[in-house]
Amino acid sequence: MQQTKQFPKGFLWGGAIAANQVEGAWNIDGKGLSVADIDTYKPKASNKDYNAHVATNLEGIKKAMEDPTDTWYPKRRGIDFYHRYKEDLAMFAEMGFKTLRISIAWSRVFPTGEELEANSEGIKFYHNLFKEMKRLGIEPIVTLSHYEMPLALSVKYNGWVDRQVIDYFVRFANVCFDEFGQYVKYWLTFNEIDSIHRHPFKTAGVIEEKSVAGEEIQDVYQALHHQFVASALVTKDAHEKIPEVMVGCMLTKLMTYPLTCAPQDVELTMKKNLENNFYADVQVKGEYPRLIECHLKNKGIHIAMEPDDRHILKENTVDFLTFSYYMSMAESGDSEAERTPGNTVLGVKNPYLPETDWGWQIDPQGLKISLIDLYDRYQVPMMIVENGMGAMDTISSDGKIHDDYRIDYFRAHFKQMKEAIDEGVDLIGYTSWAPIDLVSAGTSQMSKRYGFIYVDADDEGNGSYDRMKKDSFDWYQKIIQTNGAALFDE
Ligand code: BG6
């Protein structure tokens with residue numbers, strides 16, 4: 001087959017953001033508190049002022065709920081996208097975006113999650129946002145749940161541990177489909193559904209202290225099961241309500257290599273990768289994998305299911321698979337092996353890879369391997385809905401940001417994507433994380449910058465919040481304009 005330099009016709013180039021990391025406006029127009037609104041800034045070095053406000057237990061949560069300020073909670077500020085979205089969308093359109101992935105803040109639509117009627121101000125905001133995207137020719141991809149469930153559901157029900165939360169989510173999703181289905185064809189149910197094991201509170205509102213001692217892990221699996229069922233139920237509703245809709249699952253692709261070819265390293269690695277695939281197995285294939293069921297049984301974990309649950313999962317699988325990819329890591333049987341942080345994980349350091357300012361190992365080829373591996377396993381269209389590099393950007397003496405390192409990162413990843421496509425992978429879109437600087441999910445830092453667009457704000461919320469193009473802005477614009485061909489002319 002003759003290969004062209006271009007990506008497939010109609011390839012969806014764009015960027016991805018999440019409501020809780022950009023919108024701000026945490027306490028206006030009827031919005032309720034979300035779990036993200038009590039997430040504190042985590043500076044690189046320990047800082048007693050901030051550490052005193054980390055809400056990991058019921059007492060801390062109560063204190064955060066009573067705090068009327070945004071001092072300790074950067075996600076309350078975001079980047080003021082709520083008021084500046086027109087300016088931001090105009091810049092995305094200038095870069096040539098075909099698509100933008102956003103999320104809808106559940107607590108802006110249902111402030112506590114339990115209301116019978118949606119908050120009209122919240123609905124109005126998203127209507128305006130989608131209308132503006134439509135005017136600019138930007139196709140929305142919408143995540144229904146991206147680390148921002150109503151805090152009230154977390155406190156009252158221990159989040160997704162309680163089956164009742166499925167009903168509230170289904171109500172929320174259906175309001176979104178009814179209101180916004182006219183603009184939105186691509187929907188994702190849960191962002192990084194697998195992350196529930198790494199941060200149960202952020203992902204599913206699960207408060208460890210509320211579990212019976214010794215049953216914490218059991219509760220996390222139960223909450224996960226409820227999310228799987230909810231995802232399947234709303235997939236069904238979307239299929240019935242929205243013509244030509246595409247509903248996707250979203251996985252954190254945590255590519256893991258054996259540190260050596262010692263069989264012990266290989267087996268440990270294989271098991272890590274099997275565990276990482278489990279979530280997409282349920283959502284794409286519609287059933288719990290036998291190996292995972294056996295693993296749970298061996299661990300004494302029992303998931304309570306309603307008689308119809310397995311049928312619901314089987315009948316309502318997703319139409320496409322999406323994932324985030326930032327880094328890879330290694331695995332080793334040697335407990336002394338050096339470790340390095342990745343996306344909410346600590347992996348074994350791979351001696352062949354460089355790393356970012358935050359220690360995440362940069363591995364473009366790992367993206368190609370992931371694409372081939374996932375496509376071979378699932379055989380459905382795929383999108384990369386997060387990929388990017390958090391870095392400490394500095395403004396040079398000429399007043400500009402020369403972020404060559406970011407361009408290098410993207411260039412290398414895009415080339416690997418093209419190779420995977422040429423080898424037969426059905427990749428239909430790519431949204432970078434994040435096209436504009438925003439508040440970090442993991443650390444709530446502003447100084448961990450991902451954007452093609454700089455936002456003048458620091459970790460403590462000082463700054464004008466003005467936007468400024470970085471060098472990577474023009475570069476990405478050229479890539480989109482040429483549908484990837486410019487990658488090979490540089
Ligand atoms: C992904 C999340 O896991 O990683 C995003 O879906 C997040 O919300 C991104 O921002 C990067 O992580 P961080 O901690 O650098 O913001």
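Being a predicted model, the structure only gives us computed values, none of them experimental. All ligand and atom numbering here is 1-based and tracks the order in the structure.
The shell of residues lying under 4.0 angstrom from ligand 1, judged by heavy atoms, includes Trp360. Residue contact annotation: Trp358 has no non-hydrogen atom under 4.0 Å from ligand 1. In this structure, Thr252 has no heavy atom closer than 4.0 Å to ligand 1.
Closest protein heavy atom to atom 16 (O) of ligand 1: Ala441 N, 2.7 Å. Among all protein heavy atoms, the one lying closest to atom 9 (C) of ligand 1 is Tyr326 OH, 3.2 Å. Counting only heavy atoms of the protein, atom 10 (O) of ligand 1 lies nearest to Gln21 NE2, 2.9 Å. Counting protein heavy atoms only, atom 2 (C) of ligand 1 is closest to Glu386 OE1, 3.3 Å.
Each salt bridge (Lys or Arg N to Asp or Glu O under 4.0 Å) pair with one or both residues in residues 437-448, not counting sequence neighbours, appears once here: Asp437-Arg449, Asp437-Lys470.
With hydrogens and angles ignored, the 3.5 Å screen pairs a side-chain donor or acceptor of Thr322 with a backbone N or O of Cys249. Remark: side-chain polar atoms of Tyr126 are paired, donor with acceptor, to backbone N or O of Ala105 under 3.5 angstrom. Looking only at distances, a side-chain donor or acceptor of Asp194 sits under 3.5 Å from a matching main-chain atom of Thr252. Judged by distance alone, the side chain of Gln21 and the main-chain N or O of Val439 form a donor-acceptor pair under 3.5 Å.
Considering backbone and side-chain N/O atoms, Ser440 comes within less than 3.5 Å of an N/O atom of ligand 1. By the 3.5 Å distance cut-off applied to N or O atoms, Gly442 is counted among the residues near ligand 1. At least one N or O atom of Tyr450 sits closer than 3.5 Å to an N or O atom of ligand 1.
Taking a cut-off of under 4.0 Å to the non-hydrogen atoms of Lys448, the atoms of ligand 1 that pass are 13 (P), 14 (O), 15 (O). Heavy-atom contacts of Asn191 reach the following atoms of ligand 1: 6 (O) (cutoff under 4.0 Å).
A salt bridge links Glu355 with Lys349: the distance from a Lys NZ or Arg NE/NH1/NH2 to an Asp or Glu carboxylate oxygen falls below 4.0 Å. Looking at Arg76 and Asp37, no side-chain N of the basic residue comes within less than 4.0 Å of a carboxylate O on the acidic one, giving no salt bridge.
Here the rule is side chain to side chain contact (heavy atoms under 4.5 Å, CB included) with Met329, and of Leu353, Leu254, Asp363 only Leu254 fits it.
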Requested in this report: Check step by step if salt bridge (charged side-chain N to carboxylate O under 4.0 Å, His left out) holds for Asp471 and Lys400.
Outcome: CA-CA 8 Å; Asp471 284 358; Lys400 299 196 169 143; over 6 Å; no

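When heavy-atom distances to ligand 1 are checked against a 4.0 Å cut-off, Thr344 has no atom that comes that close, whether in backbone or side chain.
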